[in-house]
Number of protein chains: 2
Amino acid sequence: MTTVHDLTIGQLAERAGVATSALRYYEERGLIGSHRTSGNQRRYEQATLRRVAFIRAAQNVGLSLEEIGEALASLPEGRTPTKRDWHRLSRAWRPRLDEQIDRLERLRDRLDGCIGCGCLSLKACALYNPEDELAAEGTGGVLLEPGHDPEPGDLRRGRR
Amino acid sequence: MTTVHDLTIGQLAERAGVATSALRYYEERGLIGSHRTSGNQRRYEQATLRRVAFIRAAQNVGLSLEEIGEALASLPEGRTPTKRDWHRLSRAWRPRLDEQIDRLERLRDRLDGCIGCGCLSLKACALYNPEDELAAEGTGGVLLEPGHDPEPGDLRRGRR
DNA sequence: CTGGAACCTCAAGCTCGCATGAAGTCAAGC
DNA sequence: GCTTGACTTCATGCGAGCTTGAGGTTCCAG
């Protein structure tokens, strides 16, 4: 499998549009793999380029490297992922994307009315705590909102 | 203007659902203001609650405090913002929200096809660099993608 | 065979958005 | 007037996601 088409870290970095330091970091975090030359230099398979592209796309959406790593972990270890593998992985993410799009659309659509009317600061507001509406249960991992503390306040309880 | 209805930092924190340390930090960053009692304690106007709510909502969408600060800076300094002020601010943000929603939708809609078909790693791909398609000029500040470096790579140039 | 670019491994540093702790001050109920 | 809890500043820490630098090694074109 170690063919002449393997990429050096510099080549992968340039073609993926990331820094070499980032690639080493991804490897340290277990997001990508590599093998080594006899001189201990990293060599990457072509397929790694796709993995890196996936990582960057996922980061764009606001996912942490840990979450991305979990997703990538579902890809086969021994062989190069097939189209079917990627397809399965991408399907798993659709709900998350949909949810985030929903949040954004709610924010956009309510920004005028909600902020303008004053409910933003005075009543329970979907703009401020969008999940109360749809799901009382935690959906497990809120995109783009780390450290979401559970204490109740006026903004979630109503005016008191 | 310093009425009996001013809020202590603890009250504001509870009602906004944030920690007091966060409020001090926002103030340090110039996102919110306060006045002081004779004993040097912070007091907040009611309107600050709205500002904080806005900050949290914007953070939810993935905006940095700096970006939020710039937006808030367009609000009047001397007086309590009116509905009209908030309305103007929200209008200014619509394009940014729309753009981000677009990105997400493109990502969602192409995730299956694009990743599955292999174009993700082999050709210029809207999933990976969505802005090349619509705007050659920088639109000024890419949501959710800090440190977006300008070096060209295969993923933006095509296969070479 | 040699020079220089590209690679290697640590270790330390940086930005963001706060949280935490120490040491002291203020406010309010009894 | 005293206690107690909420407040003050300032410093330090934290986790994520890298970047930078030092000091050394490998690769390859000439």
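Just so we're on the same page: letters track the sequence lines, and every chain starts at 1.
- Where R36(B) and E66(A) each meet DNA chain D at their nearest nucleotide, the meeting point lying more 5' is that of R36(B).
- Summarising the geometry, the separation between OH on Y26(A) and P on dG17(D) is reported as 9 Å, rounded to the nearest angstrom.
- Minimum atom distance to the side chain of Y25(A) is reached by dC18(D), of the listed dC18(D), dA19(C), dT9(C).
- Put simply, CD on E27(A) is 13 Å from P on dC10(C), counting in whole angstrom units.
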Query raised in the report: Can you give the dot-bracket line for DNA chain D, where a pair is Watson-Crick or G-U wobble with both atom distances under 3.5 Å, crossing pairs use [ ], and | marks a partner on another strand?
Result: ||||||||||||||||||||||||||||||
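- In this structure, the nucleotide among dC18(C), dC18(D), dC7(C) sitting nearest to the side chain of I9(A) is dC7(C).
- If you check every strand for non-hydrogen atoms under 4.0 Å, R42(A) touches sugar and phosphate atoms only.
- Rounded to an integer number of Å, the gap from CD of E67(B) to P of dC16(C) is 11 Å.
- Contacts of E70(A) classified as side-chain contact (heavy atoms from CB on, under 4.5 Å), with partners at least two apart in sequence or in another chain: E66(A).
- Residues satisfying the side-chain contact (heavy atoms from CB on, under 4.5 Å) test with S21(B), not counting sequence neighbours, are A19(B).
- Listed by chain and residue number, E67(B) satisfy the side-chain hydrogen bond (donor to acceptor under 3.5 Å, both in side chains) test with S64(B) (two or more places apart in sequence, or in another chain).
- Annotation: side-chain contact (heavy atoms from CB on, under 4.5 Å) contacts of R36(A) (sequence neighbours excluded): E27(A), S34(A), N40(A), R42(A).
- Closest approach to the R29(A) side chain among dG17(D), dT8(D), dT19(D) is made by dG17(D) (side chain taken as heavy atoms from C-beta onward).
- Atom CD1 in I32(B) sits about 14 Å away from atom C1' in dG17(C), given to the nearest Å.
- Applying the side-chain hydrogen bond (donor to acceptor under 3.5 Å, both in side chains) criterion to D98(A), with sequence neighbours excluded, gives R108(B).
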Report task. Heavy atoms under 4.0 Å is the rule here; annotate nucleotides 20-30 of chain D 5' to 3' with B where the base is hit, S where only the sugar-phosphate is, and - elsewhere. Result -> B-----SS---
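- The listed nucleotides are dC7(C), dG17(D), dC18(C); the one nearest the side chain of T8(A) is dC7(C).
- When each of dC18(D), dC16(C), dC18(C) is scored by its nearest atom to the side-chain atoms of L65(B), the top-ranked nucleotide is dC18(C).
- If you take CD of Q59(B) and P of dC18(C), they are 4 Å apart, rounded to a whole angstrom.
- Note that OG1 of T80(A) is 9.0 Å distant from CZ of R50(A), once rounded to the nearest 0.5 Å.
- Listed by chain and residue number, nothing satisfies the salt bridge (charged side-chain N to carboxylate O under 4.0 Å, His left out) test with R29(B) (two or more places apart in sequence, or in another chain).
- The nearest whole Å value for the distance from the CZ atom in R24(B) to the P atom in dT20(C) is 13 Å.
- Between I68(A) atom CD1 and dG17(D) atom C1' the separation is 11 Å, expressed in whole Å.
- The nearest whole Å value for the distance from the CD atom in E28(B) to the P atom in dC10(D) is 10 Å.
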